[in-house]
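The next block holds one structure in the form of structure tokens; read it before the comments.
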Amino acid sequence: MAGWYTLGVALFAAIGTFLFGFDTGIATTTIAHESWIDYMNHPNNGLTGAVVAVYIAGETVGALTQTFIGDRLGRIRFMQLLCIIVTIGTTIQTASVNIGMFLAGRAIAGMAVGGMVATVPIYLSEISAPDQRGLIGGISGCGIAFGTMMSNWVGFACSYAPYGSTQWRLPLGLQIPWGVIMFAGLSTFMPDSPRQLLRNGKVEAAKREFARVRRDLKSHEVHEEFALMQALIEFEMAREIKSYREVFTLFGRRAFVSIIVQTMTSLSGVNVVQYYQPIFYKSLGIQQQTIFALAGVYGTIAFVSNVITTRYLTDQWGRRKMIIAGTSGLILIMIYIAVMQREFQNTDNRIGKGFAVLGIYLYVAWYYAMINSTTWLYGAEVLPIALRSKVMGLAAAGHFIVNVGITEAGPSAFANIGENYYYVFVGCTLLFLTIAYLYFPETRRKTLEEIATAFGDKVVLVGDGPIDGQHVKGQDEETASVAK
């Protein structure tokens, strides 16, 4: 079990991803309330769709912002900046007096959580021990699942509130304190990334922070591991990459894997299933109040399954196996959902409709158990430290861009091809399963530097010149990747 200090740091950092999950989910119930529609003077479909669109646009900007200033500010300061921005954005949403003000708040909050969801996995991967990185890093994904669950249940509870702005202002206002709480944690007990400090030339500060986060090591082990880490980072800095062209020329496979694994999460269909589950339930003849409750159950299953596998499977079984098993299972479940929807959507067969709802729950359980935390962690840990902010920002931005495309296409797709829309995601997931099987190496229990050998990159050891990765396979020393 991870030390309580590291675990506490991870839980505080996961507030950032919790806000991502909550603010994403709460919009669905907000715009469904008649009180919101009336207050905003019955916005047309374009403005209602913009509630999602401007939010995802903000997320994309936030993720790209990380690529430009994330390394310059450092992990802690960048997340502090995002805490300020998300507090402003959620406050504006809560206090909105018209649709324009509401959309501005959505865009600002989206920018903050987009940067958070790209930064938190990097931060947690850099402060965790190799044998605990699946647990500590996976907590960022659990934060997303917890936010989704809470948004669903808060939306359900507020559906019982008397007609009026309380129905939608209260859920939005519940987000405001969390940015302040996270800022306080970042300013007090949360450590900065030792690796990032070394890259900024702050050696003594890096030593102190490394000793804080690696309390599992004895004093001489701390000294030895820090010396290895310092040597490899200095080696990387001596051949600093200046452009994205160099990134994809020298580290093309690692950048490709990081970006693909994030794109996979959007093209697996999870956002379509999540956003349009109310429409799916309604098509089965289920009443509105029950739909809110079913969405709450959906979120609960997501969170519980995510926590169980993060604690007991990610470090024990491995990322590669989880991604391969996850994509394989999702293919079968989506076929099941499509078949059940086709057979029972327009019938009076209550048992058949129950099996159709079961498909949605099987999907969310399997996705959050195998894919959610795993992909965010894997996308960060496969990258050299010099590239993490740059490439993870691009990967997250790609995730958001694809997400908005398939989500906006959802209503038209379901109207024109119905349940056959699920087969689009079956084809995409099958493609990603093939790519993962052929190109994704295992990273379980490896240091962030040893992962270079898993990609076949050349490495350097303290006091040595560069040698081929396969020559040091299985060694415990930390290594730095260089291009072949």
Side-chain angles (χ1 to χ4, degrees), residues 1-22 74-77 79-80 83 116-117 119-147 149-150 177-197 205-226 229 303-319 368-369 372-374 376-377 380-381 443-448 476 478:
M1 182 66 179
W4 289 110
Y5 173 74
T6 308
L7 190 61
V9 169
L11 291 173
F12 253 80
I15 291 174
T17 54
F18 161 79
L19 285 168
F20 170 78
F22 190 94
R75 310 291 184 238
I76 293 294
R77 287 188 178 180
M79 287 191 286
Q80 286 175 327
C83 286
M116 283 287 193
V117 82
T119 305
V120 171
I122 296 175
Y123 173 71
L124 293 182
S125 70
E126 290 179 349
I127 67 167
S128 54
D131 61 340
Q132 299 173 347
R133 197 167 59 247
L135 171 61
I136 299 301
I139 287 175
S140 64
C142 292
I144 298 174
F146 186 62
M149 178 185 74
M150 291 305 298
W178 292 105
V180 178
I181 293 170
M182 184 176 178
F183 186 94
L186 290 165
S187 302
T188 53
F189 77 95
M190 295 175 69
D192 209 338
S193 165
R195 291 175 171 87
Q196 188 63 34
L197 289 171
K207 286 181 180 178
R208 291 194 300 271
E209 300 291 29
F210 187 73
R212 289 175 68 191
V213 300
R214 292 305 306 274
R215 300 182 184 189
D216 57 309
L217 299 177
K218 297 178 181 178
S219 59
H220 71 279
E221 292 174 326
V222 169
H223 176 76
E224 292 170 0
E225 191 164 329
F226 182 84
M229 183 175 67
F303 176 64
V304 172
S305 61
N306 205 155
V307 169
I308 291 173
T309 53
T310 297
R311 173 65 183 90
Y312 295 106
L313 201 60
T314 309
D315 282 322
Q316 291 79 357
W317 201 33
R319 284 53 135 176
Y368 279 89
N372 184 54
S373 287
T374 310
W376 286 107
L377 169 64
E381 67 182 357
T443 58
R444 180 178 69 99
R445 298 184 185 275
K446 296 179 184 291
T447 65
L448 292 177
D476 293 330
E478 301 231 10

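In this structure, V9 and I136 have side chains that are not in contact, with every pair of non-hydrogen atoms separated by 4.5 Å or more. Between P121 and E381 the shortest side-chain heavy-atom distance does not fall below 4.5 Å. For the pair Y123 and S140, the minimum side-chain heavy-atom distance is 4.5 Å or more. Within the 4.5 Å cutoff, the side chain of T17 has no heavy atoms near those of the W376 side chain. Counting only heavy atoms from C-beta outward, the side chains of F226 and R214 never approach each other to under 4.5 Å. The closest side-chain heavy-atom distance from Y368 to T309 is not below 4.5 Å. With a 4.5 Å cut-off on side-chain heavy atoms, L19 and F22 do not count as touching.
More than 12 heavy atoms of other shown residues, nucleotides or ligands fall within 6.0 angstrom of atom CZ in R215.
Listed by chain and residue number, E209 satisfy the salt bridge (Lys or Arg N to Asp or Glu O under 4.0 Å) test with R212 (two or more places apart in sequence, or in another chain). Annotation: side-chain contact (heavy atoms from CB on, under 4.5 Å) contacts of S193 (sequence neighbours excluded): R75, E126, R195, Q196. For E221, the side-chain contact (heavy atoms from CB on, under 4.5 Å) test picks out L217, K218, with sequence neighbours left out. Partners of F303 under the ring pair (Phe, Tyr, Trp, His ring centres under 6.0 Å) rule, at least two apart in sequence or in another chain, are F146. With sequence neighbours left out, V180 forms a side-chain contact (heavy atoms from CB on, under 4.5 Å) with T87.
In this structure, CG on L197 lies 13.0 Å from NZ on K207, to the nearest 0.5 angstrom. Taken from CD1 in I144 to CD1 in I139, the straight-line distance is 13.0 Å, to the nearest 0.5 Å. The distance from the CG atom of L124 to the CD atom of Q132 is 12.5 Å, given to the nearest 0.5 Å.
Here the shortest heavy-atom pairing between P194 and I127 reads CD-CG2, 4.4 Å. Taking all atoms of both residues into account, the shortest heavy-atom contact from G138 to S373 is O-OG, 2.8 Å. Across every non-hydrogen atom of R133 and S125, the tightest pair is CD-O, 3.5 Å. Considering all non-hydrogen atoms of both residues, N306 and T310 come closest at O-OG1, 2.8 Å. Taking all atoms of both residues into account, the shortest heavy-atom contact from I76 to P191 is CD1-O, 3.4 Å.
A donor-acceptor pair under 3.5 Å links the side-chain atoms of R319 to the main chain of T314, judged by distance alone.
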Point to revise | side-chain contact (heavy atoms from CB on, under 4.5 Å) between T443 and L377, worked out | key: CA-CA 10 Å; T443 58; L377 169 64; over 6 Å; no

Practice item. Apply the test side-chain contact (heavy atoms from CB on, under 4.5 Å) to residues D131 and D315: give CA-CA distance (whole Å), side-chain angles for both, the deciding distance (0.1 Å), then the verdict. Key: CA-CA 7 Å; D131 61 340; D315 282 322; over 6 Å; no

Distance-only donor-acceptor hits, side chain of residues 181-189, under 3.5 Å, sequence neighbours excluded:
residue : atom : partner : partner atom : Å
S187    : OG   : Q80     : NE2          : 3.0
S187    : OG   : F183    : O            : 2.8
T188    : OG1  : A184    : O            : 2.7
T188    : OG1  : G185    : O            : 3.4

